[in-house]
Protein chains: 2
Amino acid sequence: MADDRPNFEGYSCPLPIARYPRVMLAHGGGGKLTQELIEQLFVPEFRNPDLEQLHDGAMLTIGKERLAFSTDSYVVHPLFFPGGSIGDLAVNGTVNDLAMCGARPLYLASAMIIEEGLSMDDLWRIVHAMQIAAHNAGVTLVTGDTKVVDRGKGDGIFITTSGIGVIPPGIDIHPRHARPGDVILVNGPIAQHGIAIMSVREGLQFDTTITSDTAALSGLVEAMLAAAPGIHVLRDPTRGGLASTLNEIAGQAGVGMTLQEDAIPIDEQVRGACELLGFDPLYVANEGKLIAIVDPADADRVLSAMRTHPLGKRAAAIGEVAAGPAGIVTLKSSIGSSRIVDMLSGEQLPRIC
Amino acid sequence: MADDRPNFEGYSCPLPIARYPRVMLAHGGGGKLTQELIEQLFVPEFRNPDLEQLHDGAMLTIGKERLAFSTDSYVVHPLFFPGGSIGDLAVNGTVNDLAMCGARPLYLASAMIIEEGLSMDDLWRIVHAMQIAAHNAGVTLVTGDTKVVDRGKGDGIFITTSGIGVIPPGIDIHPRHARPGDVILVNGPIAQHGIAIMSVREGLQFDTTITSDTAALSGLVEAMLAAAPGIHVLRDPTRGGLASTLNEIAGQAGVGMTLQEDAIPIDEQVRGACELLGFDPLYVANEGKLIAIVDPADADRVLSAMRTHPLGKRAAAIGEVAAGPAGIVTLKSSIGSSRIVDMLSGEQLPRIC
């Protein structure tokens, strides 16, 4: 077979490929290597002002409308897990990316890559779960595509969803808007999704099953924006967990952050599972959590709006934004010691979403 | 490992799963089984007026804007082939789906599922090809996602692109608009893409290399709509080829179609390769071809607009729409014999796009 790779003369790959000649699992882990791939390969290639926002989605103006547009592939393994399935995840994840732009999610597209041999019944259960999730999130699935790959060239099913939402007037949410003095809020206990998946993979048994927190956060965001339209930053800490997401924001905004370890909500059982499995919960993926960074004057109002919503009952203020050092997130323990919480390096939990 | 598949009591899979208990390659082939999967599983689940248009993309109204929204996954094997790569294909294919809605494509999102071990250099070549294709099509890549799956659970790279375009006022294109008497146009010789891929896979050698026709058709469509804004139907005959696409349109519009075999442009070398490989060119995928169905009063104007465009030099009128029999496409040969050209059944060319 001829090598038909195009020859781009006078042009060389911007990534240090001598260091990483091949793509590794960690390049998809949501940590440092993912960031390197994006910042050193994708962004220089696709250079344009919309992409460089490096947000959860793009914010676009078409005619008189401000739209959010987002896409995510879901490759979670196993396909069904306590609390959900790849179907729920694919709908909720993209709905959440739109909500993190301050948008009201409206329409979804779904593209499925199915491995030959997937049982038709499993496919139907996944599709049905997508429809229920879409209904619950108030979005309509309007277009789709189906490809089938030969056995051994896929893994059951991969689903890519893309979404469009409308950003209401007056809303202006962006990671760069984090300012010194701002309060950092989270809507509930962290690390549930990642641990739910890992428990199934490792065959762990607990007193009660740890279930994924997968949920559409658009309703919660709507309630929060009604309480305080001036929210500075919204982000969902998925791959790479709370620590990686906060590091990303701190880097983009050129600010520091200080977290109070005691204030970060986490279920005892999840904490125990993390210890057992050797994971730091700050790096474990969430699928129904958001971080909000708000002006201190708005913090109480936003927090009580969160707590009156079913998905924010255990919302908490977990820290604040500092003037510096830029890009550094510090965790303070109850006894007053502090440590720097870096971005995830390497791959902690492959195929978690 | 516990079976965590949700139990949807009182609800049963609408597809005849006793007949097809597992997904087969042919379910992704663009023919009868793909149609069955869409019409019997996806549409009943996701029932809504936008999805039921069953067009190449959804047409949506947001505020005062009419938008087209489309998504497609690309799983072509091999990743590089004469005339292009999965990168070109992923950009051009989604641009074309938007153009077939009569939209001006504006923004693309790209989601990559990479198999661990893909060479960084190949990834970069693919990304670079995407950027060139996006530039040529006048679209901006605004957001993306990257997932990595373990070795042996993917196949190099799968790319899903989604796109947004704006439908100008006065344009109303839909498969259901095909009317008896309408003329069927195609912009050039068929079956090039599928044969280019198969030649590489089978290691065939010809006098000159058969190259894929992958191209963005948005410029051609713009020129055609400028000549005749009232074009009834536009479709790109990709998977399943010309025959399957015309069958789909005939079925949706409830009309018949008659094609003149002699009038259908095809390169001699492609015809020869089809004979050698045992393929009917009418079922072979195209990636830079479109079918236009137009009022007879517009046909000459559209045809000459096509012929003055680089991608329509060999455009031809290949047949016409008849009152009936509904859903039946008939092919007339030069000696006057005729045969019914059905939709592709089974899988002719897996992983062609």
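In this text, all values refer to a predicted model and were calculated from it rather than measured experimentally. Order of the sequence lines fixes the chain letters, A, B, ..., with proteins taken first and strands second; residue numbering starts at 1 for each chain.
Note: A:F69 and B:F69 have perpendicular aromatic rings, judged against thresholds of 30 and 60 degrees for the angle between ring planes.
A distance of 11.5 Å separates OG1 in B:T160 from CE in A:M112, rounded to the nearest 0.5 Å. How far CD of B:E45 is from CH2 of A:W124: 7.0 Å, rounded to the nearest 0.5 Å. Taking OH of A:Y107 as the start and CD1 of B:I164 as the end, the distance is 12.0 Å to the nearest 0.5 Å. In this structure, NZ in A:K64 is found 16.0 Å from CD1 in B:I62, a value given to the nearest 0.5 Å. Rounding to the nearest 0.5 Å gives a distance of 10.5 Å between CD of B:E115 and CZ of A:R22.
Within the 4.5 angstrom heavy-atom criterion, no atom of A:I159 approaches chain B. For chain A, the nearby parts of B:V127 are the backbone and the side chain; heavy atoms of each come within less than 4.5 Å. Only the side chain of B:R239 comes within less than 4.5 Å of a heavy atom in chain A; its backbone stays farther off. If you measure heavy-atom distances from B:S110 to chain A, the contacts under 4.5 Å come from the backbone alone. For B:L204, no part lies near chain A; criterion is any non-hydrogen pair under 4.5 Å. The contact between A:E65 and chain B is made entirely by side chain atoms (from C-beta outward), counting heavy-atom distances below 4.5 Å. Using a 4.5 Å cut-off between heavy atoms, A:L118 touches chain B through backbone and side chain atoms alike. Neither the backbone nor the side chain of A:L79 has a heavy atom closer than 4.5 Å to any heavy atom of chain B.
Taking chain B as the reference chain and counting heavy-atom pairs below 4.5 Å, the highest number among A:G63, A:S199, A:S70, A:G154 is found for A:G154. Ranked by heavy-atom pairs under 4.5 Å with chain B, the list A:T161, A:V75, A:L106, A:T71 is led by A:T71. In terms of heavy-atom pairs under 4.5 angstrom with chain A, the leader among B:L123, B:L67, B:D145, B:I114 is B:D145. Chosen from B:D150, B:V166, B:T34, the residue pairing most often with chain A at heavy-atom distances under 4.5 Å is B:D150.
Residues A:T146 and B:F42 have side chains in contact (heavy-atom distance under 4.5 Å, counting atoms from C-beta outward). A heavy-atom distance below 4.5 Å is not found between the side chains of A:K153 and B:H77. Using a 4.5 Å cut-off on side-chain heavy atoms (C-beta onward), A:V23 and B:M120 make contact.
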A:R351 vs B:V149, test: side chain to side chain contact (heavy atoms under 4.5 Å, CB included). Steps then yes/no. CA-CA 7 Å; A:R351 309 225 3 229; B:V149 296; 3.6 Å; yes

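Using modelled atom types, one side-chain atom of A:K147 and one backbone atom of B:S73 make a donor-acceptor pair closer than 3.5 Å.
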